[in-house]
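Comments concern the structure below.
Please read all numbers here as calculations on a predicted model, not as lab measurements. Chain identifiers are assigned alphabetically (A, B, ...) following the order of the sequence lines, protein sequences preceding nucleic acid strands; residue numbering begins at 1 within each chain.
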Number of protein chains: 2
Amino acid sequence: MSNPIRARSPSPVRKVAAAVKDSKAPAITRAAAILRLLGRSDRPLGVQAIAKELGLVPSTCLYVLRALAEEELVSFDADTKRYALEAGVLTLARHWLRRDPFNDLAQPLLDRLAQRFGLTMLGVQAVGLDHMIVVAMAQSGSGFQLSTQIGSRFPALISATGRCIAAFGDYPEAVLKARFDQLRWDDPPAFEDWMAQLRQTRAQGFAVDEGQYIAGVTVVSAPVWKGAGRPVHALVAIGIGAALGRELGALQDALVEAAGALSGQLGGGA
Amino acid sequence: MSNPIRARSPSPVRKVAAAVKDSKAPAITRAAAILRLLGRSDRPLGVQAIAKELGLVPSTCLYVLRALAEEELVSFDADTKRYALEAGVLTLARHWLRRDPFNDLAQPLLDRLAQRFGLTMLGVQAVGLDHMIVVAMAQSGSGFQLSTQIGSRFPALISATGRCIAAFGDYPEAVLKARFDQLRWDDPPAFEDWMAQLRQTRAQGFAVDEGQYIAGVTVVSAPVWKGAGRPVHALVAIGIGAALGRELGALQDALVEAAGALSGQLGGGA
DNA sequence: GCGAAACATTCAATATATAGAACACCATTC
DNA sequence: GAATGGTGTTCTATATATTGAATGTTTCGC
């Protein structure tokens with residue numbers, strides 16, 4: 001894996017079979033699984049390889065691939081008979097990014113903070129309680145950097161941002177507990193301690209994770225509101241804990257201020 | 001439209017019906033059409049609106065949307081019953097970008113050239129003879145800029161890059177003619193002149209478009225090879241023709257040099 | 001250069017995704 | 001406050017997408 005900050009590991013592929021069963025449009029479930037598999041693979045794949053990996057019937061797999069190729073979501077090399085992701089996915093992603101003003105407005109703020117503190121900054125969007133996705137990133141460019149990529153996914157409740165999502169989301173404790181128990185930390189907090197941290201997060205308006213998710217790495221996260229209800233975005237700072245030192249206070253202030261300003265621009269209530 | 005450099009206009013939506021007929025996996029055709037429609041729309045849409053726009057049966061449309069939502073390619077607001085693109089498309093795009101070293105390697109070159117000449121620079125990938133897609137972009141940041149966005153699509157044979165694709169693609173003249181006739185330029189060249197320009201492009205290793213595609217805008221494009229065969233990528237410079245003036249020569253040299261260096265890194269033949 | 005394995009692809013029977021009507025649920029409007 | 005037009009959603013018969021075996025097609029080993 002080329003991702004220094006680990007994202008969730010690929011789920012057991014045999015889940016595809018179960019998902020297909022319940023769906024009223026199984027072809028789409030299969031198509032999505034194929035797209036994800038092709039994305040995961042670092043080389044183009046043939047029909048058989050795809051079908052075997054996902055537990056699909058080869059002929060069905062072929063028809064799905066042809067339909068995807070027709071839509072330019074998948075490329076087909078007529079010589080090698082191999083399939084790969086095609087640039088069409090990029091077009092969709094561009095439209096998605098354009099649809100949400102957060103993605104445009106967050107970037108300059110992230111750039112400035114990354115520059116000022118020499119850190120990696122992220123803009124993150126929560127997708128329900130399942131996970132969050134990195135939608136914007138800025139790096140200072142100097143020295144070592146912790147890096148992740150736009151589009152990377154993480155469990156929704158992990159680390160500092162997870163505390164923000166939980167703290168301001170107004171979810172029942174039982175629901176949080178169920179999700180919490182599935183998280184994997186380097187230094188897992190006890191659920192009671194974590195709940196106490198949520199209260200603190202609510203009180204101070206931001207969350208901090210000092211080496212619990214990843215040893216030695218400090219993460220600071222502040223929620224961004226777009227309207228009433230629960231926040232779906234957050235600004236995140238990631239740095240080596242030891243290197244941050246006494247700058248941590250200033251970073252927290254700057255992050256909260258930026259998140260507040262952004263909430264204002266997006267028309268979000270407090 | 002928020003795109004100063006015009007991309008192809010959305011195709012007649014009634015084509016969906018025809019495409020669905022011929023496919024062995026019509027659900028996927030429908031799903032792709034829905035995703036594109038949602039991308040095009042600047043607001044979330046309801047089931048009926050989507051179905052009507054694409055000529056689909058509402059119930060079928062609902063099932064497709066549910067499947068897409070299950071795959072997190074589409075978001076569903078339970079309160080308003082509206083659907084929109086979801087962040088999952090971004091995850092796919094990230095994987096696509098990572099798969100091709102061109103996307104990583106081109107960026108620093110584009111940055112440098114954009115800075116040096118104060119222009120907008122693009123990395124472009126051809127998708128057959130249908131169109132090309134912007135996969136990387138750099139802007140100088142100072143003054144007025146012609147802008148487009150990553151993921152934008154253009155007809156494959158248009159402008160300077162189109163000449164590169166045609167010149168080095170080794171396509172039959174009849175095929176080129178058919179595509180050429182569908183292009184829309186501000187100042188369309190005659191086919192014979194265009195063919196002559198292709199010969200010149202082959203000879204000098206790059207192509208120039210001085211106000212033909214868009215009046216007043218000069219485009220310079222140099223092909224990038226990844227292996228043997230036809231080039232699929234190109235580096236592109238876009239600037240106001242009048243402002244370029246005598247820098248054009250230096251720009252051409254720098255662009256060709258960068259494209260050559262990139263071809264070398266990618267293991268492309270001459 | 002031959003045989004055989006592995007592959008992509010086609011084909012026909014059937015399980016099932018889909019179409020269209022019926023239903024339920026809001027909002028407005030009279 | 002009943003009626004109307006607009007939603008989203010369920011239901012069921014049928015057209016059809018899917019399946020698994022059969023057929024070409026390539027690739028590999030000997």
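- Contact annotation: A:Arg66 side-chain N/O to C:dT10 OP1/OP2 distance is under 4.0 Å.
- With salt bridges taken as basic N to acidic carboxylate O contacts below 4.0 Å, none links B:Asp104 and B:Arg98.
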Collect all protein-nucleotide pairs involving nucleotides 5-8 of chain D in which both atoms are nitrogen or oxygen and the distance is under 3.5 Å.
unit_1: D:dG8; atom_1: OP1; unit_2: B:Val47; atom_2: N; d: 3.1
unit_1: D:dG8; atom_1: OP2; unit_2: B:Gln48; atom_2: N; d: 2.9
unit_1: D:dG8; atom_1: N7; unit_2: B:Gln48; atom_2: NE2; d: 3.1

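- Classification of B:Asp100 and B:Lys226 as a salt-bridged pair holds, one side-chain N sitting under 4.0 Å from a carboxylate O.
- Stacking of A:Arg66 on the aromatic ring of A:Tyr83 is not recorded, the 6.0 Å distance cut-off and the 45° axial limit not both being met.
- A salt bridge links B:Arg153 with A:Glu72: at least one charged nitrogen is closer than 4.0 Å to a carboxylate oxygen.
- For the pair A:Asp77 (side chain) and A:Arg82 (backbone), a donor-acceptor distance under 3.5 Å is absent.
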Distances under 3.5 Å between nitrogen or oxygen atoms of protein and nucleotides 20-22 of chain C:
unit_1: C:dG20; atom_1: O6; unit_2: B:Ser59; atom_2: OG; d: 2.9

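- Straight-line distance from the NZ atom of A:Lys24 to the P atom of D:dT12: 11 Å, rounded to whole Å.
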Worked check of ring-ring contact (aromatic ring centres under 6.0 Å, His included) between A:His233 and A:Phe102: CA-CA 8 Å; A:His233 294 287; A:Phe102 175 88; 3.8 Å; yes
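- Taking the six-membered ring for Trp and thresholds of 30 and 60 degrees, A:Trp194 and A:Phe180 have ring planes inclined between 30 and 60 degrees apart.
- Listed by chain and number, the residues in a side chain to side chain donor-acceptor pair (under 3.5 Å) with B:Ser159 amount to none (sequence neighbours excluded).
- Atom CD1 of A:Ile28 is separated from atom P of C:dA17 by 11 Å (rounded to the nearest Å).
- Phosphate contact (OP1/OP2 of D:dT18, side-chain N/O of A:Arg30, threshold under 4.0 Å): present.
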